There are 2 protein chains.
Amino acid sequence: MVTRDDVARRAGVSVAVVSYVINNKAVVKEATRQKVLQAIRELGYNPNLTARSLKTKRTNQIGVLFNNIGNSFETGIALGLEQKAREYGQSLIFQTFAPEEEDNLKMIFMGRTDAIIAFGQSLKTETVDHFAKVGVPLFSIMTPELRHESVPFVDIDWLAAYGKLADHLAGLGHKRIGFMGNRLREKHHDVRLRFLRRALEARGLEFRDEWLLRGTFGTLESAYDAMSNRLAEGDELPFTAIVCANDLMAIGVLSACRDRGLSVPDRLSIASSEDILMASHTSPAITTIHYPRRRIGYATVDAIVAHLKNGTPLESFAADYEIVIRQSTGRARD
Amino acid sequence: MVTRDDVARRAGVSVAVVSYVINNKAVVKEATRQKVLQAIRELGYNPNLTARSLKTKRTNQIGVLFNNIGNSFETGIALGLEQKAREYGQSLIFQTFAPEEEDNLKMIFMGRTDAIIAFGQSLKTETVDHFAKVGVPLFSIMTPELRHESVPFVDIDWLAAYGKLADHLAGLGHKRIGFMGNRLREKHHDVRLRFLRRALEARGLEFRDEWLLRGTFGTLESAYDAMSNRLAEGDELPFTAIVCANDLMAIGVLSACRDRGLSVPDRLSIASSEDILMASHTSPAITTIHYPRRRIGYATVDAIVAHLKNGTPLESFAADYEIVIRQSTGRARD
DNA sequence: TTGTAGGCGTTATCAT
DNA sequence: ATGATAACGCCTACAA
């Protein structure tokens with residue numbers, strides 16, 4: 001490995017000068033600067049980032065806690081994070097978060113990461129405190145079910161968004177609206193259920209627990225199974241429309257309806273949340289709430305880097321959203 | 001930040017002993033071991049990984065070069081990589097590879113990464129040499145278009161796989177088979193085209209350049225556009241079946257057919273490559289080649305870690321595949 | 001404008 | 001069984 005010492009020797013200067021050149025610090029005489037650059041080129045030198053981090057106490061690495069890296073909603077956000085991070089010269093370390101391994105996070109990230117981005121996970125107070133103590137700011141994309149004062153987050157205004165969606169459905173004559181959500185653990189989905197409920201109730205629309213279907217981990221398959229089982233029971237569905245916590249689940253529900261011969265939207269309207277690409281390529285295409293993944297990714301990295309560099313306070317903020325009406329919602333069947 | 005010195009002081013031992021305990025090296029008397037562990041617990045100490053890396057010259061980080069992190073084919077592989085990496089205590093650093101920024105890779109990874117996994121990208125000889133020189137092994141998932149002796153890779157046997165697919169289509173009476181691939185840059189797709197061509201020719205089936213459609217970056221939208229434009233030309237399609245370089249493109253093709261009123265598989269059979277989840281949830285579901293993403297991820301990390309730890313040579317190997325026949329392929333229309 | 005030297009938190013080699 | 005202490009490669013006062 002060629003080190004800074006080698007460069008200094010080759011260029012006939014001290015190691016300090018090499019550093020100055022690399023980080024264009026002190027005013028180095030142009031002639032020596034060229035000598036150093038020349039030596040760097042000849043030797044193919046690259047500064048060792050680990051050594052630099054040790055000294056500067058900046059790793060230029062940001063940890064990202066996925067729930068499931070196979071979910072295109074999360075990777076859509078990651079796309080934005082990654083792009084912006086690159087602009088700032090930051091690298092991203094991805095970890096899939098497993099609650100039972102939460103304690104390992106401290107080890108995994110110790111001294112490795114300048115900040116951590118969570119995806120709506122509810123971390124233990126102990127974990128949050130730990131990162132606060134070691135000076136690694138935490139930021140969440142999506143509302144964590146268990147909020148910590150010290151963990152700011154970005155999310156869309158689900159209450160307002162589901163309100164608009166409820167208005168859309170009510171306008172089509174729907175009075176009984178079900179929900180396809182998650183069996184615990186994926187906390188942010190419960191957040192969505194809570195807000196849908198409140199949005200419905202604010203409009204005088206009832207929500208019953210019997211109208212709640214549940215899958216796991218936001219997967220297509222689990223939603224498919226849940227809906228299939230529901231339809232297999234034979235009796236008429238108790239609701240005329242269903243809102244899904246995410247598009248993958250909506251696609252699962254749609255698949256189940258197709259396989260069971262239930263026509264969408266004639267017999268059942270399906271609406272969803274997130275607006276991943278595939279939601280617009282099913283047939284019928286799915287009415288959903290557009291979640292600005294890319295922009296949220298950008299804004300998050302912007303905020304974190306500003307905080308790291310200038311001490312700008314890292315604060316929660318809201319992202320905008322949009323209701324995208326497609327063909328999966330139609331007039332209520334009765 | 002609480003360091004090893006703090007622990008040593010608290011436990012009333014030397015810093016060396018703390019290291020011994022942490023890395024259970026030399027035989028430490030049980031009593032002192034407990035004292036040290038106690039101190040560690042009380043102080044909430046975690047070893048600084050950056051400092052450790054500097055000394056040991058092992059970062060326990062593996063770089064991963066995505067083409068597009070939003071593509072679920074790649075994240076499916078990443079899922080396997082990540083899971084296995086976690087078992088070995090390795091972290092993954094994800095970077096989206098952009099050819100025009102290839103030179104930055106050296107900076108980004110310098111001293112940060114013990115190995116690098118590429119996703120079929122064709123790196124410049126200079127880049128390959130650089131990592132060889134600094135002792136960072138390179139491994140590719142998917143065949144790189146431009147092979148380097150020193151870069152082993154894993155892939156399925158596309159020639160055999162497309163051979164089987166060709167047999168399937170020929171069995172349905174298809175004689176003219178088109179291809180939806182990529183406009184350069186995404187090198188591994190060209191690999192697929194090349195092998196399809198050879199597989200067809202080996203069976204006495206013609207392939208004409210006019211039957212080649214092209215999208216960009218393997219995206220659904222680009223394939224949708226390409227197919228839509230082709231259909232807009234009005235005349236009969238010159239082929240009765242089309243093979244797509246990946247499932248996202250196949251879904252784009254299918255969408256275009258639906259929107260243009262071309263019935264699949266009655267008027268056109270669609271086959272594809274990769275078998276992402278969504279390929280089985282379109283209507284009709286798509287006939288495709290199953291690519292064992294998860295297992296490839298596992299095997300790759302296994303091989304790399306074995307190489308890093310025991311010097312086991314890092315060699316190319318083949319993964320198995322499977323043809324999954326679904327409803328998007330049917331009898332040829334004439 | 002350039003050089004010297006201390007220190008970042010570890011590990012590991014020697015002594016003890 | 002434990003303790004000093006020299007690296008690891010870099011940055012940055014401070015000195016020259």
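Numbered from 1 within each chain, the chains take letters A, B, ... in sequence-line order. Here the structure is a predicted model, which means the values were calculated and not measured.
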Identified side-chain contact (heavy atoms from CB on, under 4.5 Å) partner of A:Val151 from the options A:Ser140, A:Ser316, A:Ser122
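Filter result, single survivor: A:Ser140.
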[X] vs [N]: side-chain N/O to OP1/OP2 distance below 4.0 Å:
X       : N      : answer
A:Lys25 : D:dA13 : no
A:Ser19 : D:dC11 : yes
A:Asn48 : D:dC8  : no

With salt bridge (charged side-chain N to carboxylate O under 4.0 Å, His left out) as the rule and sequence neighbours excluded, what pairs involving residues 33-49 of chain B come up?
B:Arg10-B:Glu42, B:Glu30-B:Arg33
Which residues within residues 105-113 of chain B lie with some heavy atom under 4.0 Å of an atom in DNA chain D?
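DNA chain D contact set from residues 105-113 of chain B: none.
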Ignoring hydrogens and geometry beyond distance, is a side-chain donor-acceptor pair present between A:Asn68 and A:Glu74 at under 3.5 Å?
no
Going by atom types alone, do B:Asp155 and B:Tyr291 pair a side-chain donor with an acceptor below 3.5 Å?
yes
Euclidean distance, atom [atom1] of residue [X] to atom [atom2] of [N] [Å, nearest integer]:
X       : N      : atom1 : atom2 : value
A:Lys29 : C:dT2  : NZ    : P     : 5 Å
B:Leu49 : C:dT10 : CG    : C1'   : 11 Å
B:Leu54 : C:dG7  : CG    : P     : 17 Å
B:Glu30 : D:dT2  : CD    : P     : 11 Å

Could you give the side-chain donor-acceptor pairs of residues 75-84 of chain B under 3.5 Å, partners two or more places apart or in another chain?
from: B:Thr75; atom 1: OG1; to: B:Ser72; atom 2: O; distance (Å): 3.3
from: B:Glu82; atom 1: OE1; to: A:Thr96; atom 2: OG1; distance (Å): 3.0
from: B:Glu82; atom 1: OE2; to: A:Thr96; atom 2: N; distance (Å): 2.6
from: B:Gln83; atom 1: OE1; to: B:Arg294; atom 2: NH1; distance (Å): 3.1
from: B:Gln83; atom 1: NE2; to: B:Tyr298; atom 2: OH; distance (Å): 2.9

Taking C:dT10, C:dT1, D:dG9 as options, the one with an atom nearest any side-chain atom of A:Val27 is C:dT1
Given D:dT2, C:dT10, C:dT1, the nucleotide with the shortest approach to the side chain of B:Thr32:
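The listed nucleotide nearest to B:Thr32's side chain is D:dT2.
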Would you mind classifying the nucleic acid contact of B:Asn46 as base, sugar-phosphate or nothing, using non-hydrogen atoms under 4.0 angstrom?
sugar-phosphate
Checking all strands, does A:Asp5 fall into the base, sugar-phosphate, or nothing category for heavy-atom contacts under 4.0 angstrom?
nothing
Table of protein N/O atoms under 3.5 Å from nucleotides 3-6 of chain C N/O atoms:
from: C:dG3; atom 1: OP2; to: A:Ser14; atom 2: N; distance (Å): 2.7
from: C:dG3; atom 1: OP2; to: A:Ser14; atom 2: OG; distance (Å): 3.2
from: C:dG3; atom 1: O6; to: A:Tyr20; atom 2: OH; distance (Å): 2.6
from: C:dG6; atom 1: N2; to: A:Lys55; atom 2: NZ; distance (Å): 3.3

Enumerate donor-acceptor pairs with a distance under 3.5 Å from any side-chain N or O in residues 108-117 of chain B to protein atoms, sequence neighbours excluded.
from: B:Arg112; atom 1: NE; to: A:Gln61; atom 2: OE1; distance (Å): 3.4
from: B:Arg112; atom 1: NH1; to: A:Thr59; atom 2: O; distance (Å): 3.3
from: B:Arg112; atom 1: NH2; to: A:Ser53; atom 2: OG; distance (Å): 3.2
from: B:Arg112; atom 1: NH2; to: A:Thr59; atom 2: O; distance (Å): 2.5
from: B:Thr113; atom 1: OG1; to: B:Gly63; atom 2: N; distance (Å): 3.4
from: B:Asp114; atom 1: OD1; to: B:Thr59; atom 2: N; distance (Å): 2.9
from: B:Asp114; atom 1: OD1; to: B:Thr59; atom 2: OG1; distance (Å): 2.9
from: B:Asp114; atom 1: OD2; to: B:Thr59; atom 2: N; distance (Å): 3.2
from: B:Asp114; atom 1: OD2; to: B:Asn60; atom 2: N; distance (Å): 2.7

Checking B:Asn48 side chain against B:Thr50 main chain: does a donor-acceptor pair fall under 3.5 Å?
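Between the backbone of B:Thr50 and the side chain of B:Asn48 there is a qualifying donor-acceptor contact (under 3.5 Å).
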Near DNA chain C, counting only heavy atoms under 4.0 Å, which residues of residues 35-45 of chain A show up?
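When residues 35-45 of chain A is checked for heavy atoms under 4.0 Å from DNA chain C, there are no hits whatsoever.
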